[in-house]
Amino acid sequence: MPITFQKENSLFRLTTKNTLYAFDIVKGKLIHRYYGKKAGAQVKTFAEEPGQVWSFAPYATEGEVYFSLDTQPLEYSYFGSGDFRTTALRIRNGAGNSVTGFDYVSHKIRKGRVEIPAIPCGRADDRTQTLDITLRDAASGCELHLYYTVFYDCDVISRYASVTNRSGGDVVIEKWMSLALDLPGHNYDLISLAGAHAYERIYNERTPVFRGNLSMHSRRGATSHQMNSFMAVCDRKADENHGDVYGFNFVYSGSFLNEVEGDPTGKTRVQMGLGDENFNYRLKDGETVFCPEAVMTYSPKGLGIMSRNFHRFANDHIVPAKAKERRPVVLNSWEAFYFNINEDVMVDFASAAADCGMDMVIMDDGWFGARVHDRAGLGDWYVNKNRFKEGLAPYVDRVKKTGVKFGIWVEPEMVNPDSDLFRAHPEWCIRCPERPMSYSRSQYVLDMANPAVIEYLKEMFTETFRDVPIDYFKWDMNRHISEPGSLYLDAEDQGSMEYRYMQGVYSLFRWFMETYPDAMIENCSGGGGRYDLAMMAISSQIWTSDNTNARDRTLIQYSSMLAYPASVMSCHVSNPHGDMHELDLKYKVAVNGVLGYEFNVLDTPDEVKDEIRRQVKEYRTFDLVITDGEYYRLSSPYESDISAYYFQLGDQILLSAILTNGHAVTGRKKECKKLAVRTADPAATYRDTRSGMVVTGDELRRGIEIGAFSPDGSGWDAKLWYFVKE
């Protein structure tokens, strides 16, 4: 059984395929005992290892000097309860103070999981179990449920919680974290994925944990380009294949807080959740609210296992089942025409895409309302009759007769001030009374916490897309939230606006999925600004970055794969012009995700079209190795001149090496001259279908020579091998 309870010593044991997580109950509190390898694990309870007495640490009575909440490794921590470290839950009670303290009442071991209302979460399978622990705070009158869901085969455990108010009046949740974990020692590095628009999720530094608090956050109403919700805590010497690594991620798309704190007693506290700056929730009497799910995994052998655990979890328990169908190779109109589209141009575009072997054409921005530039039309989701005189249905029929499927761009969460919608309903924007509204990218954010806004959007899209056979939606979101306020919500509920906003967004996504069940959704937020597990749960893939430069994408894609699988990573070859070397490089970078193209195929030289036909045909021979296979990093572009990795699916191995010394990344120390495929079958023979080279599995395991690079002297080149066992 994945979850057991030993009544004789009040010990909970949560096991996955390779890991063990354990904690016990002491004086009504949950005390963390162990997280690590299952094999050979030695778990000591509080009775066996109570700890030591620390001066100035509060304790309940004179006889309990060994038991202070300020020094114990806790499963969950509460504000003002004698634990002076960063806390997971703070509730302001009816008496006006925020002292919080919950005690164990009971527990249940459930088959499957407890679903989180209105927020995406991991799907259960036949082996999934959930530990549901009930705790109560007598002073505030609140009941807390802590949930631990075990995803056995992925070596992943998720953490989430619910609070029910039984006080007879209102209480306010002022801080709420989904996951809290106290680790022994301080000898860790923190890994996070910070960045910026068009330069997302960059893994170029490790921060030593110290006595004090490290925080990573987004206050933008979105997971953001600037900081991703993933983090890892690892041994200082941990690398790809060695050392203890603890990985964490948040299944949520709004503002968040990650914390890592070294304490005076030699422990390190890790927390992940909604935080306190962008979250404040009034909970009425009798009401229950859930926080989003956080997930964690442990690897005893470096970052590679951590990544593969998270990839397996995302593919098996997050990404929609229909997304596992073979992904289409798309041609997007944006970098070809920007706003300058019309029916005839797009039909010609589709015909040329079909001629190049592509599967689908995406009509990007510029098809609706007065949207001939980015300063007008958002919110007016009716077709522009000047560009599509007969409407969408006849036009899409013409597109499909060329032999490709059809996709379309939408940005439901936004509105331009110059739009019919804003003129009719300015109160439907996120705004605060008597405060000016900031512009960003010439648009405002709609108040998705307001049900009237959601219903308007459903009605508009229903009418506009009636009888239109759409195969794909590209859902964009190009502005973060400033002046966070809602004219719809009561004054006491303003602190929960962003949380309710995300619930509204998720509900509209689900409506699209249910209303257009045969269409896939590609999520986008100015590129990778909402690149998170919750968005992956309600879309088939995510636009990785607005930056399609192969040199920058090498870094972005390498870092993204630290936490997220290739199956969700949308990667386009853009603007190949007539430079065949550049086209080859862009292709070899883009095939390490879901391949697509973004350029004006109508004015492209014939030799470029011929090469694209060859690329698409070749990609179809190994695309499932990328989306369904396991991923292994060999050389980091942040540490050497080579970015190298491979995917393996059964007897097939796709190996990539990208020369990156044309980019000014500092601090490189390592050389990479050989590529060792450690998981090859040593007794087998493999053939590279691209070159015809034959090697033994033993030779692959020992490493093959990369050879000479960069024939044009640019410092940029890429090599690709596709080995199939003979």
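No donor-acceptor contact under 3.5 angstrom links the side chains of S570 and K474, judged on distance only. Side chains of T87 and S77: a donor-acceptor N/O pair is absent below 3.5 angstrom, by distance only. At a cut-off of 3.5 Å, with distance as the only test, no side-chain donor of E287 or N165 sits close to an acceptor on the other residue. For the residue pair Y76 / Q271, no side-chain donor-acceptor distance below 3.5 Å is found, with atom types taken as modelled. Of the N and O atoms on the side chains of S496 and D493, not one donor lies less than 3.5 Å from an acceptor on the other residue. If you check the side chains of E259 and T86, you find a donor sitting under 3.5 Å from an acceptor. Inspection of the N249 and Y564 side chains reveals an N or O donor paired with an N or O acceptor under 3.5 Å. With no hydrogens or angles considered, a side-chain donor-acceptor pair links S253 and Y506 at under 3.5 Å. Judged by distance alone, the side chains of E463 and W381 never bring a donor and an acceptor atom under 3.5 Å apart. Under the 3.5 Å distance criterion, with hydrogens and angles disregarded, no donor-acceptor pair is assigned to the side chains of E277 and S255. Remark: the Y338 side chain and the D365 side chain contain no N/O donor-acceptor pair separated by less than 3.5 Å. A donor-acceptor contact closer than 3.5 angstrom links the side chains of N97 and N93. Under the 3.5 Å distance criterion, with hydrogens and angles disregarded, no donor-acceptor pair is assigned to the side chains of H217 and N258. W409 and D476 share a side-chain donor-acceptor pair at under 3.5 Å. No side-chain donor from either of D364 and W367 sits under 3.5 Å from a side-chain acceptor of the other. Side-chain contact, N450 with R500: no donor N or O sits under 3.5 Å from an acceptor N or O.
Electrostatic pairing of R113 and E293 counts as a salt bridge here, judged by a charged N lying under 4.0 Å from a carboxylate O. Salt-bridge formation is detected for the pair R423/D418: a Lys NZ or Arg NE/NH1/NH2 atom is positioned less than 4.0 Å from an Asp or Glu carboxylate oxygen. With salt bridges taken as basic N to acidic carboxylate O contacts below 4.0 Å, none links K108 and D132. Salt-bridge formation is not detected for the pair E483/R435: no Lys NZ or Arg NE/NH1/NH2 atom is positioned less than 4.0 Å from an Asp or Glu carboxylate oxygen. A salt bridge between R530 and D532 is absent, with no side-chain N of the basic residue lying under 4.0 Å from a carboxylate O of the acidic one.
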Run the salt bridge (Lys or Arg N to Asp or Glu O under 4.0 Å) check on R136 and E143 step by step: do they pass? CA-CA 5 Å; R136 189 162 292 131; E143 180 178 285; 2.9 Å; yes
Quick one, F151 with H317, criterion ring pair (Phe, Tyr, Trp, His ring centres under 6.0 Å). Give me CA distance, side-chain angles, the key distance, then yes/no. CA-CA 9 Å; F151 298 93; H317 299 281; 4.7 Å; yes
Could you walk me through whether E598 and T548 pass the side-chain hydrogen bond (donor to acceptor under 3.5 Å, both in side chains) check? CA-CA 9 Å; E598 191 137 351; T548 56; over 6 Å; no
Would I173 and N280 satisfy side-chain contact (heavy atoms from CB on, under 4.5 Å), going step by step from the backbone distance to the final call? CA-CA 6 Å; I173 304 175; N280 185 282; over 6 Å; no
Decide side-chain contact (heavy atoms from CB on, under 4.5 Å) for L181 and F248; before the verdict, give the C-alpha distance in whole Å, the side-chain angles of both, and the deciding distance to 0.1 Å. CA-CA 10 Å; L181 174 63; F248 309 91; 3.9 Å; yes
Step by step, would you call S162 with Y147 a side-chain hydrogen bond (donor to acceptor under 3.5 Å, both in side chains)? CA-CA 8 Å; S162 67; Y147 303 103; 3.2 Å; yes
Audit row: S545, Y199, side-chain contact (heavy atoms from CB on, under 4.5 Å) steps and yes/no: CA-CA 7 Å; S545 176; Y199 204 57; over 6 Å; no
For H225 and H480, what are the C-alpha separation, side-chain angles and deciding distance, and is it a ring pair (Phe, Tyr, Trp, His ring centres under 6.0 Å)? CA-CA 10 Å; H225 312 78; H480 293 153; 5.7 Å; yes
For Y160 and Y148, run ring pair (Phe, Tyr, Trp, His ring centres under 6.0 Å): C-alpha distance rounded to whole Å, both residues' side-chain angles, the deciding distance at 0.1 Å, then the answer. CA-CA 7 Å; Y160 48 110; Y148 299 73; 8.9 Å; no
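Relative to the ring axis of F368, R387 does not place its NZ or CZ within 45° and under 6.0 Å from the centre. Judged by the 6.0 Å and 45° rule, R201 forms a cation-pi pair with Y531.
Atom CD of E390 sits in a sparse spot, with 12 or fewer heavy atoms from other residues, nucleotides or ligands closer than 6.0 Å. At most 12 non-hydrogen atoms from other residues, nucleotides or ligands lie less than 6.0 angstrom from OH of Y439. Within 6.0 Å of atom CG in D490, more than 12 heavy atoms from other residues, nucleotides or ligands are found, so the atom counts as buried in its surroundings.
The main-chain N or O of G112 is found under 3.5 Å from a side-chain atom of T130 such that the two form a donor-acceptor pair.
Shown are V163, I91, T164; of these, the side-chain contact (heavy atoms from CB on, under 4.5 Å) with L283 is made only by V163.
Contact of the E411 side chain with the W475 side chain is not registered, since no non-hydrogen atoms from C-beta on lie closer than 4.5 Å. Contact of the H107 side chain with the L131 side chain is registered, since non-hydrogen atoms from C-beta on lie closer than 4.5 Å. Residues N416 and R371 have side chains in contact (heavy-atom distance under 4.5 Å, counting atoms from C-beta outward). The shortest distance between side-chain heavy atoms of D380 and V415 does not fall below 4.5 Å.
Here the two rings, on F473 and Y516, have centers that are under 6.0 Å apart. Aromatic pair Y395/F406: ring centres closer than 6.0 Å. For F461 and W511, the ring centers sit 6.0 Å or farther from each other. Two rings, from Y499 and Y281, have their centers less than 6.0 Å apart. Ring pair F230/F250: centre-to-centre distance not below 6.0 Å.
We find the OG1-CG distance between T100 and L144 to be 10.0 Å, quoted to the nearest 0.5 Å. For the atom pair CZ of R441 and CE of M414, the computed distance is 9.5 Å after rounding to the nearest 0.5 Å. Note that SG of C524 and CE of M477 are 11.0 Å apart. Values are rounded to the nearest 0.5 Å. With values rounded to the nearest 0.5 angstrom, E498 atom CD is found 11.5 Å from S486 atom OG. The distance from atom OG of S333 to atom CZ of F339, rounded to the nearest 0.5 Å, is 10.5 Å. Taking CG of D518 as the start and NZ of K322 as the end, the distance is 7.0 Å to the nearest 0.5 Å.
Summarising the geometry of L274 relative to C291, their closest heavy-atom pair is CD1-CB, 4.3 Å, with the distance given to 0.1 Å.
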